[in-house]
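Here the structure is laid out as structure tokens; the discussion comes afterwards.
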Protein chains: 2
Amino acid sequence: MANQRADARRNYERILEVAGTVVAEQGTQASLREVARRAGVGLGTLYRHFPTREALLEVLLRQRFDGLADKARSLEDSQDPGAALEQWLRQFLAGSTTYRGLAASMLATIEDEASPLHASCHAMREAVGRLLTRAQEAGRVRSDVDRTDLFALVSAIGWLSDQAPAMADRADHLFGLVMDAVKA
Amino acid sequence: MANQRADARRNYERILEVAGTVVAEQGTQASLREVARRAGVGLGTLYRHFPTREALLEVLLRQRFDGLADKARSLEDSQDPGAALEQWLRQFLAGSTTYRGLAASMLATIEDEASPLHASCHAMREAVGRLLTRAQEAGRVRSDVDRTDLFALVSAIGWLSDQAPAMADRADHLFGLVMDAVKA
DNA sequence: ACCTGAACACCGTTCAAGT
DNA sequence: ACCTGAACACCGTTCAAGT
């Protein structure tokens, strides 16, 4: 990392920066060719740094997961565990609708034990697990619901928001329904 | 329709038949080139009969919607309106997980007033609307839930099933949670 | 070490040329 | 009237050639 050539490091950073922009514009299916083009870099250079599209997306996702993990930890002291969990899930939903395909990418990464982001996800999963356990112990959430159910249902609402503006408009309502489903 | 050339009609039927197979194998994103190839037809012929991928999928979807509309009508006489609605939604879910991308296509078509399948969808929507109203009048379903909420939530579970085997494995459980969400 | 872009094998879509 | 496939403009991915 530290001992790589300066141009290589610059290219890496530049690709990531441009990828962030292009993915925000076009979603996770954005053209990698266009990323290379706009980064002013050869196509091979992009592939050298990020062998797969996943590898590129994963780096973009890492900050997102770390931020969500921090948020979960900061909510652990809340006096109202039910509200704390709901607040965190709402933040997760908001984050997963930033661009098209993100909800699917996040869900895939969360459930992928082999992902390079496993450490980062693990921290987030653990923190959310504690929020969930506390909410369940307070009798606010059904005991037959686990973390994965929550990630799945909220990601699904994120996906719905991608499908049509009419769906995005009722995302709040659907989120409310799902929260009611989960409550004890 | 009736006065078209015999070869044209044969091609139309052949393309549809092959498209059904290929889409079942590869999902809604299947290569149209491969459909034409396997149908033994020029690429231009496929485009002449089906100007867009949507046009092709729509024909494949039509039978599905008609079948679901029939099913809804047959459930209208049930003594248990809550169970009838749930049974129909379960069938909708089963149907929407037949191949990858189907849940998204169905949801898009249902919500698209301009679709050529509008008539077909309309019949289904009306029938489901009656099932829903009866369930609500029987006090079994929340009054703040509409048809679109149901289509959205169940399609979302269909989408989840596409994302990973682990999700497909818990589709029943998630369906149960959503049903509880919707109940009065 | 690292970068570059041509090369390959695919797409979707259009349209001139055929029958 | 309809069919065909070459042509065009894109992809993702690899890799020989350069610095």
Side-chain angles (χ1 to χ4, degrees), chain A residues 1-61 99-102 104-105 108-109 116, chain B residues 1-61 99-102 104-105 108-109 116:
Chain A
M1 269 304 200
N3 60 349
Q4 69 186 322
R5 259 166 47 176
D7 57 344
R9 165 167 285 273
R10 263 200 319 273
N11 282 335
Y12 179 91
E13 302 293 349
R14 180 100 186 94
I15 290 166
L16 262 187
E17 184 192 336
V18 171
T21 308
V22 175
V23 165
E25 286 171 14
Q26 312 181 1
T28 53
Q29 295 309 315
S31 159
L32 297 181
R33 257 189 154 82
E34 179 165 348
V35 171
R37 230 161 14 223
R38 278 163 68 163
V41 131
L43 204 37
T45 304
L46 186 148
Y47 275 90
R48 161 170 272 268
H49 288 294
F50 306 99
T52 66
R53 165 180 248 109
E54 297 315 316
L56 183 50
L57 290 175
E58 269 160 0
V59 182
L60 296 176
L61 257 44
Y99 48 81
R100 247 175 315 131
L102 180 55
S105 282
T109 306
Chain B
M1 269 303 201
N3 59 349
Q4 69 185 322
R5 260 166 45 175
D7 57 344
R9 168 169 283 271
R10 264 202 318 274
N11 282 334
Y12 178 90
E13 301 295 348
R14 180 100 186 94
I15 290 167
L16 262 186
E17 183 192 335
V18 171
T21 308
V22 175
V23 165
E25 285 171 16
Q26 312 181 1
T28 54
Q29 296 308 314
S31 160
L32 297 182
R33 256 188 154 84
E34 180 165 348
V35 171
R37 230 161 15 222
R38 280 163 65 164
V41 131
L43 203 38
T45 304
L46 187 148
Y47 274 91
R48 161 171 270 268
H49 287 293
F50 306 99
T52 67
R53 164 179 249 109
E54 297 315 317
L56 184 50
L57 291 175
E58 269 159 2
V59 182
L60 296 176
L61 257 45
Y99 48 81
R100 246 175 315 130
L102 180 55
S105 282
T109 305

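Chain A is the first sequence line, chain B the second, and so forth, proteins listed ahead of strands; every chain is numbered from 1.
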*Sequence neighbours left out, what passes ring-ring contact (aromatic ring centres under 6.0 Å, His included) with A/Tyr47? Give chain and number order.*
none
*What is the distance from OH of A/Tyr12 to P of C/dC2, rounded to the nearest Å?*
13 Å
*Counting heavy atoms from C-beta on, name the nucleotide in D/dT4, C/dC2, C/dT4 closest to the side chain of A/Thr45.*
C/dT4
*Over all heavy atoms of both residues, which pair between A/Ile15 and A/Val35 is shortest? Give the atoms and the distance, please.*
O-CG1, 4.1 Å
_Check: B/Leu46 and B/Asn11 side chains under 4.5 Å, non-hydrogen atoms_ = no
*Go through the structure and list residues passing ring-ring contact (aromatic ring centres under 6.0 Å, His included) with B/Tyr99, not counting sequence neighbours.*
none
*asked:* Rounded to whole Å, please give me the gap between CG in B/Leu46 and C1' in D/dC3.
replied: 12 Å
*Please tell me which of the listed nucleotides, C/dT4, D/dC3, C/dC3, lies nearest to the side chain of A/Asn11?*
C/dC3
*Pairing residues for B/Glu13 by the side-chain hydrogen bond (donor to acceptor under 3.5 Å, both in side chains) criterion, not counting sequence neighbours*: none
Restricting both atoms to N or O, compile the protein contacts to nucleotides 8-14 of chain C shorter than 3.5 Å, with distance only.
{"residue": "C/dC11", "atom": "O5'", "partner": "B/Ser31", "partner atom": "OG", "Å": "3.3"}
{"residue": "C/dG12", "atom": "OP1", "partner": "B/Leu32", "partner atom": "N", "Å": "3.1"}
{"residue": "C/dG12", "atom": "OP2", "partner": "B/Leu32", "partner atom": "N", "Å": "3.4"}
{"residue": "C/dG12", "atom": "OP2", "partner": "B/Arg33", "partner atom": "N", "Å": "3.2"}
{"residue": "C/dG12", "atom": "N7", "partner": "B/Arg33", "partner atom": "NH1", "Å": "2.3"}
{"residue": "C/dG12", "atom": "O6", "partner": "B/Arg33", "partner atom": "NH1", "Å": "3.3"}
{"residue": "C/dG12", "atom": "O6", "partner": "B/Arg33", "partner atom": "NH2", "Å": "3.4"}
{"residue": "C/dT13", "atom": "OP2", "partner": "B/Tyr47", "partner atom": "OH", "Å": "2.7"}

*Quick one: closest heavy-atom pair of A/Ser31 and A/Glu34, and the distance?*
OG-N, 3.0 Å
*If you look only at pairs with a residue in residues 15-30 of chain A, which of them pass as a salt bridge (Lys or Arg N to Asp or Glu O under 4.0 Å), with sequence neighbours excluded?*
A/Arg14-A/Glu17, A/Glu25-A/Arg38
*Which residues pass the side chain to side chain contact (heavy atoms under 4.5 Å, CB included) test with A/Ser105, sequence neighbours left out?*
A/Thr28, A/Leu57, A/Leu61
*Secondary-structure notation, DNA chain C, from Watson-Crick and G-U pairs under 3.5 angstrom (| other strand)*: ||.|||||...|||||.||
*C/dC2 phosphate, OP1 or OP2: any side-chain N/O from A/His49 under 4.0 angstrom?*
no
*Quick one: which residue pairs count as a salt bridge (Lys or Arg N to Asp or Glu O under 4.0 Å) with a foot in residues 45-60 of chain B, not counting sequence neighbours?*
none
_Checking A/Ala24 now: which residues fulfil side chain to side chain contact (heavy atoms under 4.5 Å, CB included) with it, not counting sequence neighbours?_
none
Are there any protein N/O atoms within less than 3.5 Å of an N/O atom in nucleotides 16-19 of chain C, and if so, which ones and at what distance?
none

*For the residue pair A/Phe50 and A/Val59, establish whether any side-chain heavy-atom pair is separated by less than 4.5 Å.*
yes
